[in-house]
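No hydrogens, no waters, no symmetry mates; every other heavy atom, side chains included, goes into these values.
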Amino acid sequence: MTKLLQINKSLVSVNWLYQHIDATNLIVLNGTLPKVTSQKNTQKIEKNQIIGARFFDIKNAFSKKDAPFPNTLLGANAFQVKARALGINKESCIVVYDEHGIYSSARVWWMFKSMGFENVAVLDGGFPAWKDANYSIEQKVNKTFDSGNFVAKYQPNKMIDYTQVLEAIKDPNQQILDARSEGRFFATAPEPRKEVRGGHIPNSKSLPYGSLLNNHQLKSKKALQELFTKKEAEEKALVFSCGSGITACVLALGATVAGYDRLAVYDGSWTEWGSLTELPIER
């Protein structure tokens, strides 16, 4: 009987993926999402992918279409249906990447964790690192898959709403960290969505997601620990926010690699918080 591949860490290298690319239960997901802070017409459209990859469509398939704010997590039943349509099974081993390096892939990883699925990891360096290593790629094509038997078991402590963030503001045992740029955090740079107020959640601290990266890859465990230590995160439950719930998950990934385990992502993030005028802000 073929031994099924099991991942015991949240980040894997391109070398690791290359060595295991033929594992029978491996599924490689391309979770690329355009960067909201970039001009869409300047973003390169990638025609190729890692060999055998399946496209995980965050925006159009794995977010609630009728939600008032972007990238809102699906309910467990809807997520389960969409995951099964990608051919994902209970015994699957998932590696997710994106074409920016580490950006939206962390969101996909956290979504699966939020659905109670643990055999999932982010590809360190993403597609740029895979191409730099000269590993096999193929042209993107639309594919259909045999339906999988994936089962979603929602973990409500991993993805929280603004009411829970309001509680976190007052709790000295919790720390809110914001993955947006310092300019957006302090309202010295405009929000990409004009209807959203500038500023940040009271008692939150700025930790731009890019500060966790080095040439598309996550920094070392020691360097990540130092970053979180500077934000006085030790012994605290951590809440991560960003613009629309994408790069907050990069912080969740970095914190996991650094050894933290009491972590939550604010799903609505600043798009929601900055839109709801009854919620307090600081600048």
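Shown are Leu263, Val122, Val120; of these, the side chain to side chain contact (heavy atoms under 4.5 Å, CB included) with Trp110 is made only by Leu263. With Gln175 as the partner, the side chain to side chain contact (heavy atoms under 4.5 Å, CB included) test is satisfied by one option alone out of Leu207, Val239, Asn203, Leu238: Leu238.
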Criterion salt bridge (charged side-chain N to carboxylate O under 4.0 Å, His left out) on Glu167 and Lys170, from CA distance to verdict: CA-CA 6 Å; Glu167 292 299 316; Lys170 300 178 287 185; 3.6 Å; yes
Intermediate values then yes/no, salt bridge (charged side-chain N to carboxylate O under 4.0 Å, His left out), Asp267 and Arg107: CA-CA 10 Å; Asp267 199 26; Arg107 172 72 179 188; 2.8 Å; yes
Derivation and outcome, salt bridge (charged side-chain N to carboxylate O under 4.0 Å, His left out), residues Lys44 and Glu99: CA-CA 10 Å; Lys44 179 186 174 185; Glu99 294 163 11; over 6 Å; no
Working for salt bridge (charged side-chain N to carboxylate O under 4.0 Å, His left out), residues Lys219 and Glu226: CA-CA 11 Å; Lys219 290 181 177 178; Glu226 290 174 354; over 6 Å; no
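Between Phe150 and Phe79, the two ring planes are tilted [angle within 30° to 60°]. Between Phe240 and Phe228, the two ring planes are perpendicular [angle over 60°; tilted spans 30° to 60°].
Asn71 and Lys59 share a donor-acceptor pair across their side chains, judged by distance under 3.5 Å alone. A donor-acceptor pair shorter than 3.5 Å can be found between the side chains of Asn30 and Thr32.
For the pair Arg184 and Trp270, the cation-pi criterion (under 6.0 Å, within 45° of the ring axis) is not fulfilled.
Grouping the Ile, Leu, Val, Met, Phe, Trp and Tyr side chains by contacts below 4.5 angstrom, directly or via other members, places Val108 with Leu251. Taking hydrophobic clusters as Ile, Leu, Val, Met, Phe, Trp and Tyr residues chained together by side-chain heavy-atom distances below 4.5 Å, Ile246 does not share a cluster with Val196.
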